[in-house]
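See structure below.
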Amino acid sequence: MPKRIVKKIVDKIKEVIHMGENPRDIALAIALGVFFAFFPILGIHTIMVLGLAWIFGLNPGIALVASFINNPWTIAFLYGGSLWVGLFVMNMDMAQVNNIDWTNMNMDALIEAVKAVAAPFIVGCLLVGSVAGVMAYFISHKAILTYLARSKKAGEKMEEPG
């Protein structure tokens with residue numbers, strides 16, 4: 001990424017942190033967005049994130065941006081990893097997924113293929129999303145508190161008469 005884009009992103013993050021919002025609420029909005037990045041039903045992420053952020057009184061912009069970790073470049077890894085976790089947790093064999101005959105696909109075969117992967121996929125997405133959301137909360141909360149403490153110290157040093 002070009003340096004000026006990174007600088008704009010960092011400046012925007014600093015601006016949000018200094019808006020006066022509670023660091024806990026910022027971290028909760030991030031956690032909400034990260035959880036919904038793994039939500040198994042595509043197409044409703046945005047509505048769910050914005051709606052729940054509004055219901056819980058969290059910053060919807062922060063939650064929405066955090067949900068964008070699920071994007072065209074990461075979706076295969078997020079959902080593929082979630083399916084693998086779901087298969088592992090449900091003690092299912094990957095052979096069930098590999099036995100799908102994609103060459104003779106019709107509506108009945110598609111329904112059977114979806115049945116084979118739906119439960120482990122949903123379980124994996126919800127489990128991985130929950131873990132990722134909790135981790136995002138603690139990591140972002142600690143990072144925000146550390147940043148605020150450092151910026152306060154830097155501000156105090158600049159205000160001292162020299």
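All residue numbers in this chain count up from 1 along the given sequence. Below, all heavy atoms of this structure are taken into account, side chains as well, without hydrogens, waters or symmetry copies.
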Taking every non-hydrogen atom, the tightest pair across [X] and [Y]:
X      : Y      : value
Ala31  : Ala136 : CA-CB, 4.3 Å
Thr74  : Asn70  : OG1-CA, 3.5 Å
Ser130 : Leu126 : OG-O, 2.7 Å

Quick one: does [X]'s side chain get under 4.5 Å of [Y]'s, heavy atoms only?
X     : Y      : answer
Ile26 : Ile62  : yes
Phe35 : Val134 : no
Pro60 : Trp54  : no
Phe39 : Val49  : no

For [Y], does its backbone N or O pair with a side-chain atom of [X] as donor and acceptor, under 3.5 Å?
X     : Y     : answer
Ser67 : Ala37 : no
His45 : Phe36 : yes
Asn71 : Phe68 : yes

Are [X] and [Y] connected, step by step, through hydrophobic side chains (Ile, Leu, Val, Met, Phe, Trp, Tyr) whose heavy atoms are closer than 4.5 Å?
X      : Y      : answer
Val65  : Met135 : no
Leu42  : Val34  : yes
Trp84  : Met92  : yes
Val85  : Val131 : no
Ile139 : Tyr137 : no

Approximate separation, where rounding is to 0.5 Å, of [X] [atom1] and [Y] [atom2]:
X      : Y      : atom1 : atom2 : value
Arg24  : Leu145 : CZ    : CG    : 12.0 Å
Leu127 : Ile122 : CG    : CD1   : 13.5 Å
Ile44  : Ile41  : CD1   : CD1   : 4.5 Å
Phe38  : Ile75  : CZ    : CD1   : 11.0 Å
Leu64  : Leu32  : CG    : CG    : 10.0 Å
Leu58  : Asn22  : CG    : CG    : 10.0 Å

| request: Check the pair Phe56, Asp25 against side chain to side chain contact (heavy atoms under 4.5 Å, CB included), reporting the backbone distance first and the verdict last. | output: CA-CA 10 Å; Phe56 292 122; Asp25 290 345; over 6 Å; no

